[in-house]
A.B. asks: 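Can you keep this structure in mind? I'll have questions shortly.
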Amino acid sequence: MDSPKQTVNFGPGPAKLPRSVLLEIQKELVDYKGLGISVLEMSHRSSDFAKIINNAETLVRELLAVPDNYKVIFLQGGGCGQFSAVPFNLIGLKPGRCADYVVTGIWSAKAAEEAKKFGTVNMVLPKLGSYTKIPDPSTWNLNPEASYVYYCANETVHGVEFDFVPDVKGAVLVCDMSSNFLSRPVDVSKFGVIFAGAQKNVGPAGVTVVIVRDDLLEFALPECPSILEYKVQAASGSLYNTPPCFSIYVVGLVLEWIKNNGGAAAMKRLNTIKSQMIYEIIDNSQGFYVCPVEPRSRSMMNIPFRIGNAKGDEALEKRFLDKTLELNMLSLKGHRSVGGIRVSLYNAVTVEDVQKLAAFMRNFLEMHQL
Ligand SMILES: *Cc1c(COP(=O)(O)O)cnc(C)c1O
């Protein structure tokens, strides 16, 4: 079912939620399952909330086949909170307090910057002039003494996505999956820690899903704040302090929606179709639309492009954005650091939504390319 105005939200995050989920929230908002109160007013220690958070955890485990020797916890502080939590919990794993960071865009760059507060950061890649590719792993400079290897699976701003899990020779692998979590299946057993802010692909802002392997819970620095300590949060079932109850409830509904729609594999199929529609138009536009990202590293979730030429004709781009707004297609403006256009195609964005944009892009191309 579409919204009355046929509005399409291509926002980069917080992002579109499935309409059926919004309707479910609306239905249950004032009186949750006949309890006479809202989830918004419910004790986080109640048995009813226990069902809500256990259901969300069970669904994460089911949808990603999370092995039993991993904890799934729900934390606050967003993806950026994890930029601190990861070194707090893991940089002490080896005596040198060193960590490897694979920087492929601004989010991994930010994480590396934060980690410098806690120890030595080894930059695995030479500084890239622009973030448009993932350099071949054979060229990576990994430090065997590093406590962990960190990377970002999908750089939301630049549209650079890993289509493989790096082989780090048994080192502890940590991954920021904020903007592609559950957009495709992933082999959790290859990771030490996976984290994802919910507001891109699996829910509203306010909660971050963290999946952490049991044997990594013992290495937090003594000064690690308790609310960021994985061991403390895992031991308390994410209830060390009041969690973001409502956000966790909505995450549960979104996960159920993913499950009912075929799970991570089905999401990948749809995300492939959706992103191919847009990339094909870009690649067949004879340089009118320009995506700077190397084909192998192109994201299924976020597609940045310029219009007119590789640097972007700002007048044309403004016309494009004005027209899309008139057609109720929202939030297509590129990130302020890169400009141009960015299309975000998270799970909740439908094939029909993308067809509407694709038709417009073809029209716009015809009108301006004479
Ligand atoms: C959005 C985003 C973040 C930051 O998340 P916050 O919840 O705003 O802290 C981190 N990493 C990636 C890949 C993101 O897309």
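All heavy atoms count here, side chains included; hydrogens, waters and symmetry mates do not. Ligands are counted one by one from 1 in listed order, and the atoms in each one are counted from 1 as well.
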A.B. asks: Taking non-hydrogen atoms within less than 4.0 Å of ligand 1, which protein residues qualify?
C.D. replies: Gly78, Gly79, Cys80, Phe83, Trp107, Cys152, Asn154, Thr156, Asp176, Ser178, Ser179, Gln199, Lys200
A.B. asks: Taking CD in Glu223 as the centre, count heavy atoms belonging to other residues, nucleotides or ligands within less than 6.0 Å. Is the count above 12?
C.D. replies: yes
A.B. asks: I'd like to know if Glu113 and Lys116 make a salt bridge, using a cut-off of under 4.0 Å between side-chain N and carboxylate O.
C.D. replies: yes
A.B. asks: Check residues 76-91 and write down every donor-acceptor pair under 3.5 Å in which the side-chain atom is one partner and the other belongs to a residue at least two apart or another chain.
C.D. replies:
from, atom 1, to, atom 2, distance (Å)
Gln76, NE2, Thr242, O, 3.0
Gln82, OE1, Tyr230, OH, 2.7
Ser84, OG, Glu114, OE2, 2.9
Asn89, OD1, Tyr230, N, 3.0
Asn89, ND2, Ala85, O, 2.8
Asn89, ND2, Leu228, O, 2.9

A.B. asks: Going by atom type alone, with no hydrogens or angles, which donor-acceptor pairs under 3.5 Å involve a side-chain atom of residues 95-103 and a protein atom two or more places apart or on another chain?
C.D. replies:
from, atom 1, to, atom 2, distance (Å)
Asp100, OD1, Asn122, ND2, 2.6
Asp100, OD1, Asn143, N, 3.3
Asp100, OD2, Asn143, N, 3.0
Tyr101, OH, Tyr148, OH, 2.7

A.B. asks: With Lys127, which residues qualify under salt bridge (Lys or Arg N to Asp or Glu O under 4.0 Å), at least two apart?
C.D. replies: none
A.B. asks: Of Asn180, Asn154, Thr156, which is the lone residue that meets side-chain hydrogen bond (donor to acceptor under 3.5 Å, both in side chains) with Asn302?
C.D. replies: Asn154
